[in-house]
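Each residue takes its place number in the sequence, starting with 1.
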Amino acid sequence: MNFLKGTKIYSMLTGCCPVCHEESMYKESNPYKLSNTLEMHERCSHCDTKYKIEPSFFYGAMYVSYPVGIAFAVAAFVISHWGLKLNLVISFFAIAGTLIVFLPVILRLSRNIWINFFMHYKKKERLS
């Protein structure tokens with residue numbers, strides 16, 4: 001995925017610093033360690049970017065999590081109902097199960113998208 005480095009997509013999908021793309025914003029790389037899912041570093045150790053721009057900054061990620069959750073639900077419906085030809089009731093349970101299983105991923109992805117609205121990649125210039 002290094003070919004995407006320097007793009008917002010790279011930062012959103014990997015959860016790395018949106019400014020330098022050098023380290024993860026999260027203290028724990030595994031989102032399924034539920035006690036640490038949303039614990040973030042205060043600052044990037046490479047570029048010193050402060051992740052929480054203001055108090056309660058990531059409350060805005062709630063607005064992003066809704067369409068991200070809808071995208072996961074639609075994907076689950078398409079796969080279960082049209083792909084596997086399951087009936088609507090089972091497709092509903094597939095949607096609910098998908099949203100429960102992928103909740104930590106959805107939460108992190110929403111935060112990654114939200115912070116990338118406000119911060120931009122800055123290519124590190126080499127000193128010659």
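The OG1 atom of T37 lies 8.0 Å from the CG atom of L103; values are rounded to the nearest 0.5 Å. Between the CD1 atom of I106 and the CD1 atom of I70 there is a distance of 9.5 Å, given to the nearest 0.5 Å. With values rounded to the nearest 0.5 angstrom, L13 atom CG is found 7.0 Å from L109 atom CG. Here the straight-line distance linking atom SG of C17 with atom NZ of K122 works out to 10.0 Å at 0.5 Å rounding. Distance check, rounded to the nearest 0.5 Å: NE2 of H81 to CG of N87 gives 8.5 Å.
The backbone N or O of Y59 lies less than 3.5 Å from no partner atom in the side chain of S56, so there is not a single donor-acceptor pair. Judged by distance alone, the side chain of R43 and the main-chain N or O of T49 form no donor-acceptor pair under 3.5 Å. In terms of modelled atom types and a separation under 3.5 Å, the side chain of K27 and the main chain of E39 share no donor-acceptor contact. Listed for the K8 side chain is a donor-acceptor partner under 3.5 Å among the backbone atoms of M119. In this structure, Y10 contributes its side chain and F3 its backbone to no donor-acceptor pair below 3.5 Å.
By the rule that hydrophobic residues join a cluster once side-chain heavy atoms approach within less than 4.5 Å of another member, I113 and V74 end up as members of one cluster. V68 and L99 end up in the same hydrophobic cluster when Ile, Leu, Val, Met, Phe, Trp and Tyr side chains are linked at under 4.5 Å. M12 and I53 end up in the same hydrophobic cluster when Ile, Leu, Val, Met, Phe, Trp and Tyr side chains are linked at under 4.5 Å. Hydrophobic clustering, with ILVMFWY side chains joined whenever heavy atoms are under 4.5 angstrom apart, keeps V78 apart from F92. When hydrophobic clusters are built by joining Ile, Leu, Val, Met, Phe, Trp and Tyr residues whose side-chain heavy atoms come closer than 4.5 Å, directly or via intermediates, V64 is grouped together with F118.
Looking at H21 and K123, their side chains never come closer than 4.5 Å, going by heavy atoms from C-beta outward. Counting only heavy atoms from C-beta outward, the side chains of S24 and S29 never approach each other to under 4.5 Å. At a threshold of 4.5 Å between non-hydrogen side-chain atoms, the residues C44 and C20 count as touching. Side-chain contact between M25 and R111 is absent, with no heavy atoms from C-beta onward closer than 4.5 Å. Counting only heavy atoms from C-beta outward, the side chains of V19 and H120 never approach each other to under 4.5 Å. Considering only heavy atoms from C-beta on, S11 stays 4.5 Å or farther from N112 through its side chain.
Residues E23 and S45 have side chains that bring a donor and an acceptor to within less than 3.5 angstrom of each other. A donor-acceptor contact under 3.5 angstrom links the side chains of S80 and S91, judged on distance only.
Centroid-to-centroid, the aromatic rings of H41 and Y26 stay 6.0 Å apart or farther. Taking the six-membered ring for Trp and the full ring otherwise, Y51 and F57 have centroids separated by 6.0 Å or more.
With a 6.0 Å radius and a threshold of 12 heavy atoms from other residues, nucleotides or ligands, Y63 has its OH atom at or below the threshold.
The ring-ring contact (aromatic ring centres under 6.0 Å, His included) with F77 is formed by just one residue from the set F93, W82, F72; it is W82.
Nearest heavy-atom pair, N30 versus R108, reported as atom, atom and distance to 0.1 Å: O-NH2, 4.0 Å. Closest of all the heavy-atom pairs between F58 and I115 is CZ-CD1, 3.9 Å. S110 and S65 make their closest contact through OG-CA, 3.0 Å (heavy atoms, listed as atom of the first residue, atom of the second, distance).
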Q) Yes or no on salt bridge (Lys or Arg N to Asp or Glu O under 4.0 Å) for K5 and E22, after CA distance, side-chain angles and deciding distance? A) CA-CA 10 Å; K5 198 165 188 176; E22 294 298 324; 3.5 Å; yes
Q: In sequence, state the C-alpha distance, the side-chain angles, and the governing distance for M62 and W114, and then conclude on side chain to side chain contact (heavy atoms under 4.5 Å, CB included).
A: CA-CA 9 Å; M62 291 186 300; W114 183 250; over 6 Å; no
